[in-house]
Q: 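Dropping the structure in here first, questions after.
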Amino acid sequence: MERDVKEIVRQMTLEEKAGMCSGKDFWHLKSVERLGIPEVMVSDGPHGLRKQAENGDHLGINESIKAVCFPAACATACSFDRDLLEEMGAALGTECQAENVSVLLGPAVNIKRSPLCGRNFEYFSEDPYLAGQMAKAHITGVQKEGVGTSIKHFAANNQEYHRMSASSEVDERTLREIYLAAFETPVKEAKPKTVMCSYNRINGVFASENPWLLDEVLRKEWGYEGYVMSDWGAVNDRVPGLKAGLELEMPASGGETDRQIVEAVKNGTLKEEVLDQAVERILNVIFDYVDHRKDAVFDMEKDHALAEKVETESMVLLKNDGILPLKKGVRAAFIGVFAKTPRYQGGGSSHINSFRVTGALEAAEKMADLTYAEGYRLKEDVIDEVLVAEAVEAAKSAEVAVIFAGLPDAFESEGYDRTHMRMPDSQNYLIHEVCKVQPNVVVVLHNGSPVEMPWAEEVSGILEAYLGGQGVGTAEVRILFGEANPCGKLAETIPYKLSDNPSYLNFPGDGETVAYREGIFVGYRYYDRKEMPVRYPFGYGLSYTEFSYSNLQLDKSSMKDTDTLTVSVDITNTGKRAGKEIVQLYVADRTGSADRPVRELKNFAKVSLEPGETETVRMELNKRSFAWYNVKLHDWYAASGTYEIQIGKSSREIVLCDTVELTTDVKVPMEIHKNTTVGQLLRNPDMAQVLQEALSEMMSTMGAGGGEASTEAISPEMIRGMMESMPLRGLRSFAGMSEEALNRLVEKLREVQ
């Protein structure tokens with residue numbers, strides 16, 4: 001439908017315009033009936049529809065409609081499957097159309113800085129490229145159904161502790177490469193209708209009133225055209241927030257902040273054009289939804305089946321000493337409360353009122369000769385010797401024991417962070433005791449973030465299900481009994497213990513600030529650089545078949561930073577059953593131009609192969625794939641030099657490697673003064689030539705007139721080392737250069753830059 005939104009805004013009263021900038025209630029935006037502006041609804045959550053008809057709240061306390069709970073992002077990211085995420089997104093979009101919801105609040109792409117973040121289950125990955133790709137696919141799927149999304153929480157919201165006020169202290173390079181990068185690709189390429197700003201401050205400034213974040217980066221650099229809404233209750237000061245680029249405050253403010261906006265326009269502290277622009281952006285999204293309204297059916301059975309499929313594709317087989325897949329008809333003890341009533345989603349604003357939940361015990365009824373033992377209590381972490389004894393007895397009389405364990409609801413949720421990385425003591429004790437009497441033990445994990453595994457060497461198999469949605473039990477049984485082949489890979493590193501994590505000494509801060517001192521070295525970027533042993537590395541996951549990699553080809557051996565590099569590799573299923581492999585493409589910078597990780601994920605592909613089948617996988621790399629964020633340029637920079645193209649099965653298992661030479665015409669400006677080091681200047685060929693004469697004189701001076709003792713004291717290595725770190729002013733002392741000559745040298749060096 002054609003309409004002139006600018007004209008509609010011109011016809012609105014000042015009070016009506018101010019009113020459009022905050023919610024009507026917890027979930028609805030205000031209407032202006034006389035101008036044809038309808039009331040629309042937004043709703044949580046990223047992996048299911050949490051629509052509340054009445055008594056709205058943000059933390060999932062009050063009841064919502066019956067819906068389908070898909071696997072949480074902690075699981076779906078492990079699928080490394082863009083098409084699957086788009087399919088899931090499309091189902092969510094259809095559900096929203098059926099329930100007349102205009103914007104689905106998600107996906108959440110905050111980086112998993114620490115395993116302790118209470119909301120990690122809702123986030124995709126420790127890697128910004130993977131998080132961005134998964135979010136892009138999710139957004140594309142939802143929005144192609146005519147429903148908006150709200151990518152969140154923008155930005156650097158990586159903990160729950162004091163999340164509404166604490167300041168994330170992050171340098172610009174780290175922000176750009178890690179914490180903003182996960183948002184950048186989906187914002188630019190999937191164009192979410194809304195962006196949700198976070199509660200926290202960033203370097204002292206609230207995200208809700210941060211013009212650098214909301215205007216400079218989001219709009220001017222990334223070209224964002226939708227509207228920015230606040231997280232629920234994230235507004236600190238409404239008028240500065242509106243000026244900075246926060247269009248919509250959620251939820252309702254009782255009219256208080258609307259009055260503040262009206263007063264600011266009247267007294268001249270807020271330009272009415274700023275308000276007009278905000279209202280126009282909100283209306284554009286509202287009318288886009290209105291124009292794409294369609295009849296839709298919320299087919300819960302169909303979406304339940306899709307939830308099972310998504311989880312089947314996402315689970316990660318961490319260990320298999322030949323015990324899996326189980327034979328049908330096996331005498332099996334299913335142990336643990338989660339076998340019967342699985343933990344399949346996280347707590348808080350994303351909590352879904354599922355219309356059905358399938359546990360593994362129910363799903364396996366016809367697959368095996370089953371015995372069930374409760375094993376542990378859920379409500380409290382107390383070892384119940386009676387329950388343990390029952391479990392041990394069941395395990396003794398079985399051929400295999402499958403223990404369903406993990407984190408109870410109380411251990412991780414929105415609103416607070418975990419204090420440790422352990423599972424309940426009662427569960428760890430249970431696993432140890434069962435292993436004493438049964439050599440064939442498989443542990444199935446239900447958790448939203450990594451756990452320590454003190455029993456990992458004792459068990460024969462470990463299946464990481466994460467929080468797998470309402471169909472998790474069926475998916476688990478399909479994997480356990482070989483009806484499906486596991487094909488997920490870890491979207492985060494699982495360290496041996498919490499203190500191995502790079503943020504350990506700086507998480508969660510003192511309540512006022514939290515320092516991101518580990519910089520860009522988050523997750524595998526840190527563990528791989530430090531060569532630290534980990535329980536399971538990023539990108540790791542086993543299959544019931546085997547894959548071989550061969551014939552790595554680059555379409556060019558040298559390239560400009562404006563070119564695209566096409567990488568191809570042959571993948572062969574060398575096993576005896578069909579399966580899917582996730583091919584990971586890493587780039588390693590060998591130019592020495594900056595302090596960088598050993599390797600970084602820059603593309604991936606998931607390929608399905610029959611036994612004996614080979615497929616050529618092609619992936620592309622562009623400038624951004626090679627670049628780091630240079631704060632002097634205020635831009636992404638890929639230095640000239642050699643880069644390794646690495647194909648891996650995980651960040652720790654690189655199976656093929658080749659190199660490409662990249663050249664750039666971009667020059668990084670250098671501030672040249674008397675304290676600029678000789679080593680810095682020598683790395684520039686033009687400057688090295690200017691320096692040559694002065695350095696030759698210094699070398700001869702330092703090496704002259706000495707005997708054997710001086711030769712031992714002043715070695716060539718020592719001279720080179722001194723030159724590398726010596727400031728230019730050192731030429732006065734070691735080369736006899738006058739102050740005037742030194743000043744001329746500095747000027748000449750500046751000229752050749």
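If you're wondering where the values come from, they're calculated on a predicted model, not measured in any experiment.
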Q: Salt bridge between Glu221 and Arg176, side-chain N to carboxylate O under 4.0 Å?
A: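 Yes, charged N to carboxylate O under 4.0 Å.
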
Q: Taking 4.0 angstrom as the limit, do Asp595 and Arg529 come out as a salt bridge?
A: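 The answer is yes: the pair qualifies as a salt bridge.
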
Q: Under 3.5 Å, is there a donor on one side chain and an acceptor on the other for Thr493 and Arg652?
A: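 No donor-acceptor contact under 3.5 Å links the two side chains.
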
Q: For the atom pair CD1 (Ile111) and CD (Glu492), what is the distance rounded to the nearest 0.5 Å?
A: 11.0 Å

Q: Check whether any side-chain heavy atom of Glu184 lies under 4.5 Å from a side-chain heavy atom of Arg624, and answer yes or no.
A: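 Touching, per the 4.5 Å side-chain cut-off.
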
Q: For Gly511, is there any backbone N or O sitting under 3.5 Å from a side-chain donor or acceptor partner on His162?
A: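 It does hold such a pair.
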
Q: Is the closest side-chain heavy-atom distance between Gln584 and Lys489 below 4.5 Å?
A: yes

Q: Minimum heavy-atom separation for Leu552 to Val567, with atom names?
A: CD1-CG1, 3.6 Å

Q: Given the ring of Tyr516, does Arg113 sit roughly above its face, with NZ or CZ under 6.0 Å from the centre of the six-membered ring and within 45° of the axis?
A: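 Yes; both conditions hold, so Arg113 lies above the ring face of Tyr516.
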
Q: Can you see whether Tyr224 has Arg281 sitting over its ring - NZ or CZ less than 6.0 Å from the centre and within 45° of the normal?
A: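 Negative - Arg281 is either too far from the ring of Tyr224 or too far off its axis.
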
Q: With a 3.5 Å cut-off and no angle check, do the side chains of Thr642 and Glu661 form a donor-acceptor pair?
A: yes

Q: Report the C-alpha separation of His634 and Glu172 in whole Å, then their side-chain angles, then the decisive distance to 0.1 Å, and conclude whether the side chain to side chain contact (heavy atoms under 4.5 Å, CB included) test is met.
A: CA-CA 9 Å; His634 299 290; Glu172 187 180 6; 4.1 Å; yes

Q: I'd like to know whether CD of Glu671 has more than 12 heavy-atom contacts from other residues, nucleotides or ligands below 6.0 angstrom.
A: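 Not more than 12 within 6.0 Å, no.
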
Q: Nearest 0.5 Å, please: how far is OG in Ser314 from CG in Leu85?
A: 7.5 Å

Q: Between atom CG of Leu84 and atom OG of Ser79, what is the distance when rounded to the nearest 0.5 Å?
A: 5.0 Å

Q: Assess whether a salt bridge exists between Glu414 and Arg119, defined as any Lys/Arg side-chain N lying under 4.0 Å from an Asp/Glu carboxylate O.
A: yes

Q: The test is side chain to side chain contact (heavy atoms under 4.5 Å, CB included); show your working for Asp231 and Met164 and say whether it passes.
A: CA-CA 10 Å; Asp231 203 340; Met164 299 188 80; over 6 Å; no

Q: Using the salt bridge (Lys or Arg N to Asp or Glu O under 4.0 Å) rule, take Lys606 and Asp83 through it: C-alpha gap first, then chi angles, then the decisive distance, then the call.
A: CA-CA 10 Å; Lys606 195 166 190 175; Asp83 293 339; over 6 Å; no

Q: Do Glu512 and Ser167 pair up side chain to side chain, a donor and an acceptor below 3.5 Å, judged on atom types alone?
A: no

Q: Under a 4.0 Å threshold between the charged nitrogen and the carboxylate oxygen, would Glu225 count as salt-bridged to Lys191?
A: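 Looking at Glu225 together with Lys191, the answer is no, because their closest N to O distance does not fall below 4.0 Å.
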
Q: How about Lys530: does its NZ atom have over 12 heavy atoms from other parts shown lying under 6.0 Å from it?
A: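 No, not enclosed.
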
Q: Would you check, one step at a time, whether the test side chain to side chain donor-acceptor pair (under 3.5 Å) holds for Asn236 with Glu209?
A: CA-CA 8 Å; Asn236 173 61; Glu209 53 193 63; 3.2 Å; yes

Q: Looking at CG of Leu213 and CG of Leu175, how far apart are the two atoms once the value is rounded to the nearest 0.5 Å?
A: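 One finds 8.5 Å between CG of Leu213 and CG of Leu175.
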
Q: Would you say the rings of Tyr524 and Phe538 are close, in the sense that their centroids are separated by under 6.0 Å?
A: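 Phe538 vs Tyr524: aromatic centres under 6.0 Å.
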
Q: Find the distance between CE (Met134) and CD (Glu86) and round it off to the nearest 0.5 Å.
A: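 Those atoms lie 11.0 Å apart.
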
Q: Short question: side chain of Tyr227, backbone of Lys193 - any donor-acceptor pair under 3.5 Å?
A: no

Q: Which of these passes side-chain contact (heavy atoms from CB on, under 4.5 Å) with Val195: Phe154, Phe183, Trp222?
A: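 Only one of Phe154, Phe183, Trp222 forms a side-chain contact (heavy atoms from CB on, under 4.5 Å) with Val195, namely Phe154.
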
Q: Is there a side-chain contact between Tyr161 and Asp510, using heavy atoms and a 4.5 Å cut-off?
A: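 The answer is no; the side chains never approach within 4.5 Å.
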
Q: Taking all heavy atoms of Gly106 and all of Thr149, pick out the closest pair and write down the distance.
A: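 Closest approach of Gly106 to Thr149: O-CB, 3.3 Å.
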
Q: Assess the side chains of Asn157 and Ser198: does a donor N or O sit below 3.5 Å from an acceptor N or O?
A: no

Q: Can you tell me if OH on Tyr496 sees more than 12 non-hydrogen neighbours from other groups inside 6.0 Å?
A: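 Yes - once you tally the heavy atoms of other residues, nucleotides and ligands closer than 6.0 Å, there are more than 12.
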
Q: Does any part of the side chain of Leu246, heavy atoms only, come nearer than 4.5 Å to the side chain of Leu214, both counted from C-beta?
A: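 Sidechains of Leu246 and Leu214: in contact.
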
Q: Does a side-chain heavy-atom distance below 4.5 Å link Ser449 with Tyr123?
A: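 Ser449 does not reach Tyr123 side chain to side chain.
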
Q: Can you give me the closest heavy-atom contact between Thr663 and Ser640, atom names plus distance?
A: CA-OG, 3.4 Å

Q: For Asn506 and Arg517, which I'm curious about, is there any donor-acceptor pair between the side chains at under 3.5 Å?
A: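 The criterion, which ignores hydrogens and geometry beyond distance, is satisfied for Arg517 and Asn506.
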
Q: Check the pair Phe626, Val660 against side chain to side chain contact (heavy atoms under 4.5 Å, CB included), reporting the backbone distance first and the verdict last.
A: CA-CA 11 Å; Phe626 301 92; Val660 64; 4.0 Å; yes

Q: Scan side-chain atoms only and decide if Thr564 and Asn622 contain a donor-acceptor pair under the 3.5 Å cut-off.
A: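 No.
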
Q: Looking only at side chains, do Gln680 and Thr677 share a donor and an acceptor under 3.5 Å apart?
A: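 Thr677 and Gln680 do have a side-chain donor-acceptor pair below 3.5 Å.
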
Q: To the nearest 0.5 Å, how far apart are CD in Glu122 and SG in Cys117?
A: 9.5 Å

Q: Do Tyr527 and Asn501 have side chains that approach each other closer than 4.5 Å (heavy atoms only, starting at C-beta)?
A: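 Yes, their side chains come closer than 4.5 Å.
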
Q: Is the shortest side-chain N to carboxylate O distance from Glu247 to Arg219 below 4.0 Å?
A: yes

Q: Assess whether atom NZ of Lys152 is packed by more than 12 heavy atoms of other residues, nucleotides or ligands within 6.0 Å.
A: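 Correct, the count exceeds 12.
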
Q: Considering non-hydrogen atoms only, spot the tightest contact between Pro533 and Asp500 and give its length.
A: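 Reported closest heavy-atom pair: O-OD2, 4.5 Å.
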
Q: Quickly, which of Ile672, Leu682, Thr676 forms a side-chain contact (heavy atoms from CB on, under 4.5 Å) with Met687? Name it, please.
A: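 Filter result, single survivor: Ile672.
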
Q: Looking only at non-hydrogen atoms, find the nearest pair between Pro450 and Pro495 and report the distance.
A: CB-CD, 4.5 Å

Q: Are any of the side-chain heavy atoms of Leu745 and Leu691 separated by less than 4.5 Å?
A: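 Heavy-atom side-chain distance check passes, below 4.5 Å.
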
Q: Looking at side-chain heavy atoms only, is the closest gap between Lys560 and Asp665 below 4.5 Å?
A: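 They are in contact (side-chain heavy atoms under 4.5 Å apart), so the answer is yes.
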
Q: Go through the side-chain N and O atoms of Glu464 and Tyr466 and say whether any donor and acceptor fall under 3.5 Å apart.
A: no

Q: Strictly below 4.0 Å, N to O, side chains only: are Arg163 and Glu160 in salt-bridge contact?
A: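 Yes, this pair counts.
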
Q: How close do Pro508 and Val514 get, heavy atom to heavy atom, and via which atoms?
A: O-CB, 3.6 Å

Q: Is there a donor-acceptor pair under 3.5 Å between the side chain of Asp635 and the backbone N or O of Tyr629?
A: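 Here the side-chain-to-backbone pair does not exist.
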
Q: Does atom NZ of Lys556 have more than 12 heavy-atom neighbours, drawn from other residues, nucleotides or ligands, at distances under 6.0 Å?
A: yes

Q: Could you go step by step and tell me if Arg596 and Phe521 meet the side chain to side chain contact (heavy atoms under 4.5 Å, CB included) rule?
A: CA-CA 8 Å; Arg596 300 193 68 178; Phe521 294 98; 6.0 Å; no

Q: Per the side-chain contact (heavy atoms from CB on, under 4.5 Å) rule, which among Thr591, Leu565, Thr659 passes with Tyr643?
A: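 With Tyr643 as partner, side-chain contact (heavy atoms from CB on, under 4.5 Å) holds for just one option, Thr591.
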
